[in-house]
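Here's the structure, in structure tokens; my notes come after.
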Amino acid sequence: MKKLLAMILVVCMVCSLGAFTAFADEGDLIGISMPTKSLERWNRDGSYLKEQFEAAGYKVELTYSDNDAVQQNNDISNMIADGVKVLVIVAIDSDTLSSVLKDAEEAGITVIAYDRLINNANVAYYVSFDNYTVGVLQAQYVIDALDLNNAGDKTYNIEFTAGDPADTNAGYFFNGAFDTLKPFIDAGTLKIPSGKTTFEQVATPAWSTDTALENFQNTLASYYGDGTVLDIALCSNDSTAAGVAQAIISDYAGDNQPIVTGQDGDIGNLQNIVDGYQTMTVYKNVADEAGVTLVLVDAILNGATPGAELVEKFAAEAAFDTETYDNGLGVVPSYLLVPYSIDKDNLELLVDTGNYKWDADNHYLVSTLG
Ligand code: BGC
């Protein structure tokens, strides 16, 4: 009798496994192309996307292309050959995917530009944050922290560090910050001792921390070696802010800590915020960005052509935008999530997202991802 029960149990287990496997096999294959593991946030995006799509029954092929645009082309080609239904892509270089995405178009694959717009290709939708607002938030933080509206005759010195020219987002971040601070620059309240006022002059290829470090060391040596005080290092994101903070620690002669801005909520940068080497970061909840992408893909694969009404279905606030993001072939309909400012006084908001927790000493934040 015992033997019979054991056999029935085994048969049931096999059956349920079979049923589960059959269900998973039925799921469409989604190709997710991430730029690199070396920039912290894409590890998080990749994990959340994979986790959420698989939980919804899809199969996922996830690739990282080592920040190499040629490799990303190959990775996407392979995913097309593997029969993906949808491609979710963070472009390494927004201008180098036209040809491979022509192949995707011919194979009837839906392409979603994730976080970064892809130029000159048939992109169905763009899912991102309001990128211009990211820069505005960085600038607004500076305006509030230094009370620039009531500065009177006081003047402050500021230097900019921007992102990768191959990334369509980088210009939006820089312009959002620069446009917002321009009235204070024009009025003489903010001065830029280096004279580097254009995106091209302060861009950081590949968003590299090492390049940002080196560039800022050069700026400090050339324009601040005589004791000139630096008040603000306006950095577009956390990977560049990490380099700039390092340069300030090693090469800045002044005894004040300049305001250092960032974006992303990378773990090392949050530690720097606790320790005082970085002042703020603009947070973008990438678990929500993944969630919005899943809802969008679900709708598309169910035959819909989603528009503004889809935002009702998102777990996070987002706007539907049909004006801002022209990729050369036309405006790409976009779902744009909402970024917000984090500094040492509101780190708890990050814990509230569920994506971070305090470490054992309750001192630094760590990720809740494995
Ligand atoms: C993203 C930022 C990120 C940067 C470097 C941008 O496209 O929007 O969040 O900091 O790439 O990874």
Side-chain angles (χ1 to χ4, degrees), residues 33-49 64-69 72 88-97 112-119 123 126-138 161-177 199 202-212 234-245 260-270 272 278 280-290 292-293 318 324-325 327 332 334-342 350 353 355:
S33 171
M34 290 282 129
T36 173
K37 283 189 172 265
S38 68
L39 292 165
E40 184 182 314
R41 72 157 287 192
W42 308 116
N43 296 281
R44 276 185 274 137
D45 290 82
S47 299
Y48 289 125
L49 283 162
Y64 285 87
S65 307
D66 219 9
N67 250 350
D68 176 343
Q72 184 167 44
V88 176
I89 301 171
V90 180
I92 292 166
D93 184 329
S94 314
D95 290 315
T96 57
L97 293 173
I112 295 182
Y114 181 90
D115 206 83
R116 300 174 178 171
L117 190 61
I118 302 167
N119 289 329
V123 174
Y126 177 44
V127 176
S128 194
F129 285 79
D130 183 335
N131 295 303
Y132 187 84
T133 295
V134 170
V136 172
L137 288 172
Q138 293 165 338
T161 295
D164 185 352
D167 175 352
T168 45
N169 289 348
Y172 285 98
F173 301 147
F174 176 80
N175 289 337
F199 172 76
V202 295
T204 312
W207 294 96
S208 155
T209 299
D210 290 345
T211 306
L234 194 305
C235 306
S236 283
N237 85 330
D238 279 355
S239 63
T240 54
V244 167
V260 178
T261 67
Q263 165 187 196
D264 287 332
D266 286 354
I267 296 301
N269 297 75
L270 296 175
N272 270 354
Q278 184 171 326
M280 63 85 74
T281 190
V282 173
Y283 184 60
K284 305 191 299 192
N285 189 332
V286 298
D288 286 344
E289 193 175 7
V292 163
T293 307
T324 311
Y325 292 98
N327 79 343
V332 180
S334 310
Y335 293 100
L336 303 175
L337 291 98
V338 183
Y340 52 94
S341 290
I342 291 289
L350 294 183
T353 65
N355 302 333

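Ligands are counted one by one from 1 in listed order, and the atoms in each one are counted from 1 as well.
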In this structure, is the centre-to-centre distance between the rings of F129 and Y172 below 6.0 Å? no

Is there any N or O on R41 that sits under 3.5 Å from an N or O of ligand 1? yes

Which residue and non-hydrogen atom of the protein lie closest to atom 4 (C) of ligand 1, and at what distance in Å? W207 CE2, 3.6 Å

Could an N or O of ligand 1 be found under 3.5 Å from any N or O of W42, whether backbone or side chain? yes

Side chain of T281, backbone of Q263: donor and acceptor closer than 3.5 Å? yes

Output the list of atoms in ligand 1 that are nearer than 4.0 Å to some heavy atom of N237, sorted by atom number. 3 (C), 4 (C), 5 (C), 10 (O)

Does a side chain donor of either Q278 or D238 reach within less than 3.5 Å of an acceptor in the other side chain? yes

Qualifying residues under salt bridge (Lys or Arg N to Asp or Glu O under 4.0 Å), relative to D266, sequence neighbours excluded: R44

Is ligand 1 under 4.0 Å from a heavy atom in the side chain of F173, in the backbone, in both, or in neither? side chain

Will you find, in the side chains of D167 and W207, an N or O donor that is under 3.5 Å from an N or O acceptor? yes

The atoms of ligand 1 lying under 4.0 Å from a heavy atom of D167, numbered in the order shown, are 6 (C), 7 (O), 11 (O)

Distance-only side-chain donor-acceptor flag, S239 / N237, under 3.5 Å: yes

Modelled atom types, side-chain donor and acceptor of D68 and S65, under 3.5 Å: no

In terms of atom number and element, which parts of ligand 1 are under 4.0 angstrom from non-hydrogen atoms of R116? 4 (C), 5 (C), 6 (C), 7 (O), 11 (O), 12 (O)

Of the protein's non-hydrogen atoms, which lies at the shortest distance from atom 10 (O) of ligand 1, and what is that distance? D264 OD2, 2.5 Å

Near K284, which atoms of ligand 1 are under 4.0 Å from a heavy atom of that residue? 1 (C), 2 (C), 8 (O), 9 (O)

Of the side chain and backbone of D115, name the one, both, or neither that has a heavy atom under 4.0 Å from an atom of ligand 1. side chain

